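See below for the structure under consideration.
All residue numbers in this chain count up from 1 along the given sequence. Worth saying up front: this structure is predicted, and the values here are computed from it rather than measured.
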Amino acid sequence: MKLLFVAGQLNRIVEHYHFKSFDLYPSGPLFLSNLPAYWSEVNPNVDAVLVLDEGSMGSSSTSRQEWLTLLSQMETAIGAPQIIAITRDRDVERYLQSLMPRFKLLSVELSNDIRVSIEFISQAVLRNVEVKSRRVQAEASAAEVKTNRLSEPDHAQEKKSSFLERLLKKNKNVTERTATDALTKQLEKISRGMSRVVAVTGHRGSGVTSTVVNVASEASKRGLSTIIIDLDIQYRTMNMYFNSFHERTKKDDVIHASLIRTLARPQDYTTTTYQIKDNLWLTSLGYDFKDRLLVEQFYNAAKLISLLSLLRSKFNLILLDMPLDLCEPFHDILIHIDTFGLCVPNNIYAVLNTLKNMEAVLDNETIAYLNAKSRLVVTQYNDRSRFQQEQFTPEAVSRVMTSGLLDSFMYETKVAGFVPYSQEFDGQIEADMPIVHTSKEHEHAFGSILLRLMEGTS
């Protein structure tokens with residue numbers, strides 16, 4: 001089923017949602033005010049038009065006029081699809097419902113969630129398109145005739161394509177994001193039989209969870225079976241990065257207590273962990289899970305060691321979200337970790353804060369072990385950052401980290417890579433889409449980090 005999304009700048013995010021039954025158009029921002037012109041020029045062959053609140057930029061009165069203009073035009077269009085409005089605003093819902101008797105192709109759905117989920121969108125589309133399926137089928141032949149006529153080349157009146165046509169999503173085989181060739185060749189050298197346990201760590205606020213999410217997404221895309229173990233039960237931000245997981249925790253008690261149930265019975269991981277997509281899994285806790293006794297019983301190093309032992313034979317990559325302050329209570333698992341990805345932004349305050357955190361929560365022996373097993377991940381890399389009048393490069397960050405500021409952290413730490421600075425880095429939580437999917441630059445950055453972490457520190 002083909003859907004036309006009208007969600008403003010959110011279109012860039014929505015096109016990366018993993019819908020099982022839908023193809024999404026277009027591949028760029030589209031607003032309600034642009035839709036009439038877009039439809040006239042492009043005449044997209046879609047089964048439904050989905051309009052979200054983000055698709056309207058103007059005031060309430062402007063938005064109402066935009067809706068009237070659109071519906072009046074679509075009412076007379078041949079093969080016009082169902083138009084489904086999904087809104088979180090009850091005033092908008094009431095207004096659009098008042099238009100439904102006049103415009104039969106309009107349907108309205110009210111969402112009570114802060115952010116409309118993939119599941120809600122899918123269910124709304126299926127409900128409304130099914131009701132109108134007979135009308136759509138009756139007009140399909142007429143729409144096909146018109147589409148074929150428009151697609152025939154007219155050399156006498158050939159003209160340049162408009163900017164609106166460029167919004168059309170290209171064939172999936174063309175737009176499917178592929179990795180940089182050199183990087184792909186290096187990653188292909190990694191045996192698919194290899195299994196690595198990688199703990200991403202750093203002081204809180206240094207981008208630990210963002211790095212876990214993006215490295216996991218990149219590994220999954222490249223065909224590596226990957227599982228995220230979210231040990232940061234104090235903040236549980238995985239719920240915000242993966243909205244589908246959060247929605248599931250509210251409905252499913254097993255997934256709500258996923259981390260505890262998985263630690264309690266590792267052999268049942270296929271039912272107690274959450275499958276984000278084909279080869280990417282997550283175990284974490286829902287926001288409302290507050291059973292202190294269960295946490296004390298199962299959230300410990302011994303249970304985690306048992307889980308890691310089992311998962312090594314099931315996954316290529318096991319990623320732990322493990323801020324520095326968790327290294328002490330989980331001290332006994334450190335020997336079971338192949339590599340630590342140490343997240344540090346490239347500013348001197350972040351470097352000092354990281355070393356200070358190590359000294360505060362870890363003994364000298366543990367710090368030395370962490371030093372030996374770490375690869376540096378420079379997060380939110382700012383190429384304008386300077387230290388001692390020189391550019392503060394990732395290699396310079398490593399040199400300062402091991403310059404003797406902390407006696408137990410003095411050995412060379414190799415750089416796994418850096419994440420280019422972007423205003424979207426901190427906005428990933430709201431976007432419900434890892435930044436690795438937003439540009440080739442970030443894809444290459446996290447691909448390189450993945451490669452270095454998988455290689456280990458030997």
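More than 12 heavy atoms of other residues, nucleotides or ligands sit less than 6.0 Å from atom CG of L293. The environment of E365 atom CD is sparse: at most 12 non-hydrogen atoms of other residues, nucleotides or ligands sit within 6.0 angstrom. Atom NZ of K356 has 12 or fewer heavy atoms from other residues, nucleotides or ligands within 6.0 Å. E93 CD: more than 12 foreign heavy atoms inside a 6.0 Å radius. In the displayed structure, R265 atom CZ is contacted under 6.0 Å by at most 12 heavy atoms of other residues, nucleotides or ligands.
Using a 4.0 Å cut-off between charged side-chain N and carboxylate O, E54 and R88 make a salt bridge. Ion pair D232/R204 flagged as a salt bridge, since at least one NZ, NE, NH1 or NH2 atom sits closer than 4.0 Å to an Asp/Glu carboxylate oxygen. Between E218 and R222 there is a salt bridge, since a side-chain N of the basic residue sits under 4.0 Å from a carboxylate O of the acidic one. Salt bridge absent: K221 and D278 never bring a charged side-chain N and a carboxylate O closer than 4.0 Å.
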Please test T438 against I435 for side-chain contact (heavy atoms from CB on, under 4.5 Å), starting from the C-alpha separation and ending with a verdict. CA-CA 5 Å; T438 64; I435 200 171; 3.4 Å; yes

Intermediate values then yes/no, salt bridge (Lys or Arg N to Asp or Glu O under 4.0 Å), E395 and R399: CA-CA 6 Å; E395 290 70 24; R399 287 196 299 271; over 6 Å; no

Test side chain to side chain donor-acceptor pair (under 3.5 Å) on N279 and S220; report intermediate values, then the result. CA-CA 6 Å; N279 55 351; S220 170; 2.5 Å; yes

side-chain contact (heavy atoms from CB on, under 4.5 Å) assessment of N357 paired with D325: CA-CA 8 Å; N357 270 262; D325 55 277; 5.8 Å; no

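The main-chain N or O of L324 is found under 3.5 Å from a side-chain atom of T201 such that the two form a donor-acceptor pair. With hydrogens and angles disregarded, a donor-acceptor distance shorter than 3.5 Å links the side chain of R196 to the backbone of M454. Remark: side-chain polar atoms of N346 are paired, donor with acceptor, to backbone N or O of F392 under 3.5 angstrom. Between the side chain of S398 and the main chain of T413, a donor-acceptor pair closer than 3.5 Å is present. R236 places a side-chain N or O within 3.5 Å of a backbone atom of I233 that can act as its donor or acceptor partner. With hydrogens and angles disregarded, a donor-acceptor distance shorter than 3.5 Å links the side chain of S195 to the backbone of F315. D268 contributes no side-chain N or O that, together with a main-chain N or O of T271, makes up a donor-acceptor pair within less than 3.5 Å. Proximity of a side-chain donor or acceptor of T249 to a complementary backbone N or O of H246 within less than 3.5 Å is detected. With T237 contributing its side chain and M240 its backbone, the two residues share no donor-acceptor pair below 3.5 Å. Judged by distance alone, with hydrogens and angles left aside, the side-chain atoms of N371 form a donor-acceptor pair with the main-chain N or O of Y411 at under 3.5 Å.
Across I337, V212, I229, a single residue satisfies side-chain contact (heavy atoms from CB on, under 4.5 Å) together with M322, and that is I337. Partner of V49 under the side-chain contact (heavy atoms from CB on, under 4.5 Å) criterion, chosen from L3, L35, L70: L35. Shown are L280, V197, L450, I227; of these, the side-chain contact (heavy atoms from CB on, under 4.5 Å) with L317 is made only by L450.
A distance of 13.5 Å separates NZ in K414 from CG in L376, rounded to the nearest 0.5 Å. Here the CG atom belonging to L4 is positioned 6.0 Å from the CH2 atom belonging to W39, to the nearest 0.5 angstrom. Rounding to the nearest 0.5 Å places NE2 of H256 at 14.5 Å from NZ of K251. Separating the CG atom in L320 from the CG atom in D230 is a distance of 10.0 Å, to the nearest 0.5 Å. Between atom CZ of residue F446 and atom CG of residue L453 there is a gap of 11.0 Å, rounded to the nearest 0.5 Å. Atoms CD1 and CG, from I255 and L282 in turn, are 9.0 Å apart once rounded to the nearest 0.5 Å.
Side-chain contact annotation: S210 with Y241, donor-acceptor N/O pair under 3.5 Å present. Donor-acceptor pairing under 3.5 Å is lacking for the side chains of E412 and T402. S217 and N214 form no side-chain donor-acceptor contact under 3.5 Å, judged by distance and modelled atom types alone. Using a 3.5 Å distance cut-off with no hydrogens or angles, the side chains of T273 and T283 do not pair a donor with an acceptor. Judged by distance alone, the side chains of S206 and T379 never bring a donor and an acceptor atom under 3.5 Å apart. A donor-acceptor pair shorter than 3.5 Å cannot be found between the side chains of T226 and N316. Checked by atom type, the side-chain pair N347/S385 shows no donor-acceptor distance below 3.5 Å. At a cut-off of 3.5 Å, with distance as the only test, no side-chain donor of Y274 or S284 sits close to an acceptor on the other residue.
For Y299 and F330, the ring centers are positioned less than 6.0 Å apart.
Taking the six-membered ring for Trp and thresholds of 30 and 60 degrees, F418 and Y381 have ring planes inclined between 30 and 60 degrees apart.
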